[in-house]
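We use all heavy atoms of the structure for the numbers below, so side chains are in, but hydrogens, waters and symmetry mates are not.
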Number of protein chains: 2
Amino acid sequence: MTIRAAPNTFNLMVELHFTPDSARLDAVFHALGDPTRRNMLRDLASGQRTVGELAAPFDMSLAAASKHIRSLEKAGLVRRTIRGRTHVCRLEPRALADAHQWISFYERFWNSRFDVLEDLLRRADTPDPQGDEQ
Amino acid sequence: MTIRAAPNTFNLMVELHFTPDSARLDAVFHALGDPTRRNMLRDLASGQRTVGELAAPFDMSLAAASKHIRSLEKAGLVRRTIRGRTHVCRLEPRALADAHQWISFYERFWNSRFDVLEDLLRRADTPDPQGDEQ
DNA sequence: CGGATTGTCAACCGATCGGTTGAGGATTTT
DNA sequence: AAAATCCTCAACCGATCGGTTGACAATCCG
């Protein structure tokens with residue numbers, strides 16, 4: 001009889017090439033991939049908003065907007081506090097910072113003074129078989 | 001008889017609250033919202049890769065990986081040049097820069113020394129009706 | 001030529017997405 | 001108590017997503 005680690009969520013995620021980090025980024029980028037939700041975030045940058053206020057600018061049912069907000073919440077981009085019958089939403093910048101940082105890894109590829117050189121280097125590491133392109 | 005602007009794609013997009021800019025961000029964030037595609041970008045940061053090389057690390061068919069690459073391409077995150085029978089992919093940093101810049105708008109919400117003050121100010125612009133929270 | 005190699009395409013599948021409607025819970029207002 | 005307000009929930013719908021398989025186009029190699 002061998003001692004085996006009990007299967008758990010974390011092992012599963014590792015096995016499937018997921019990390020908690022990756023799962024969060026999935027949710028954040030997915031949330032950002034919709035213009036309605038991006039507009040809601042813009043709105044929240046000016047201050048807290050109720051669900052109704054967030055929904056107002058959009059030509060859709062309140063239920064639909066509510067789902068968008070829920071998705072923002074799931075991604076950690078928005079926090080909600082219930083005050084009586086109204087739900088007040090605030091921007092939660094941490095998740096945005098995470099996404100920002102992830103993208104920052106690639107910053108050197110667009111804002112370095114050595115753009116051209118770097119590009120050449122990146123191309124060079126697969127030797128060019130002197131063929132025509134296209 | 002009135003002179004009316006001929007309907008065109010741009011007008012349609014404006015009317016529907018889309019801008020070309022927004023559509024691009026949709027594609028970019030959507031592409032980034034999948035761990036397979038993010039891993040592919042990481043790979044491309046080390047140099048150009050063929051479709052086969054990009055697909056190799058993943059436990060999925062080549063056709064599936066090919067679709068991911070296509071989605072990265074559609075988002076402008078990757079450029080492809082066909083060289084004989086192999087397709088060589090390179091990172092295209094501009095789209096990433098756009099996404100990065102979009103998120104940067106919110107930078108003040110996470111890295112300012114006035115985090116707490118700003119938060120108070122954002123909360124303050126909707127007057128607090130002295131009620132209990134939750 | 002014939003056979004690998006590289007990659008796309010089209011059809012299909014189940015799951016998720018983004019929207020709707022209707023019902024109703026909870027709270028506030030009258 | 002009754003009505004209005006704020007919002008969620010559940011069921012449903014068509015479209016898109018992420019994967020599969022099989023066929024095949026194109027190129028390289030023997």
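By the 4.5 Å heavy-atom criterion applied to side chains, A/Arg90 and A/Val78 are not counted as neighbours.
Panel note: side chain B/Tyr106, backbone A/Arg42; a donor-acceptor pair is recorded below 3.5 Å.
Sorted by first then second residue, the ring pair (Phe, Tyr, Trp, His ring centres under 6.0 Å) pairs that include residues 43-91 of chain A, not counting sequence neighbours, number zero.
One finds the CG atom of B/Leu91 at 7.5 Å from the CG atom of B/Leu77 (value rounded to the nearest 0.5 Å).
Rounded to whole Å, the distance from CZ on A/Arg37 to C1' on C/dG18 is 8 Å. Across the protein-nucleic acid pair, B/Arg49 atom CZ and C/dG7 atom C1' stand 18 Å apart, rounded to whole Å. In this structure, CZ of B/Arg70 is placed 15 Å from C1' of D/dG18, rounded to the nearest angstrom. Counting to the nearest Å, the C1' atom of C/dC17 and the CZ atom of A/Phe29 are 19 Å from each other. Residue A/Ile69 contributes atom CD1, which lies 14 Å from atom P of D/dC6 at whole-angstrom precision. Note: CE (B/Met40) to C1' (D/dG18) measures 12 Å, nearest angstrom. Between the C1' atom of D/dC6 and the CD atom of A/Glu53 lies a distance of 12 Å, rounded to the nearest Å. What separates CG of B/Leu54 from C1' of C/dG7 is a distance of 13 Å, to the nearest Å.
In this structure, B/Asp34 and A/Val88 both approach DNA chain D, and ranking their closest nucleotides by distance from the 5' end singles out A/Val88. Judged by closest nucleotide on DNA chain D, A/Gly52 is the one of B/His68 and A/Gly52 placed further toward the 5' end.
Between B/Ser66 and C/dT8 there is a side-chain polar atom (N or O) within less than 4.0 angstrom of OP1 or OP2. Taking side-chain N and O atoms only, B/His87 has a distance below 4.0 Å to OP1 or OP2 of C/dT8.
Among the nucleotides C/dG18, D/dG18, D/dC7, the one closest to the side chain of A/Val51 is D/dC7.
Nucleic acid contact class of A/Ser71 (heavy atoms, under 4.0 Å, all strands): none.
Between the side chains of B/His30 and A/His30, no donor N or O sits under 3.5 Å from an acceptor N or O.
Remark: A/Asp98 engages A/Arg94 in a salt bridge, criterion side-chain N to carboxylate O under 4.0 Å. Under 4.0 Å is where a charged nitrogen must lie from a carboxylate oxygen, and between B/Glu73 and B/Arg79 no such pair does.
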Protein-nucleic acid N or O pairs under 3.5 Å, nucleotides 20-26 of chain D:
unit_1: D/dT20; atom_1: OP2; unit_2: B/Ser61; atom_2: N; d: 2.7
unit_1: D/dT20; atom_1: OP2; unit_2: B/Ser61; atom_2: OG; d: 2.8

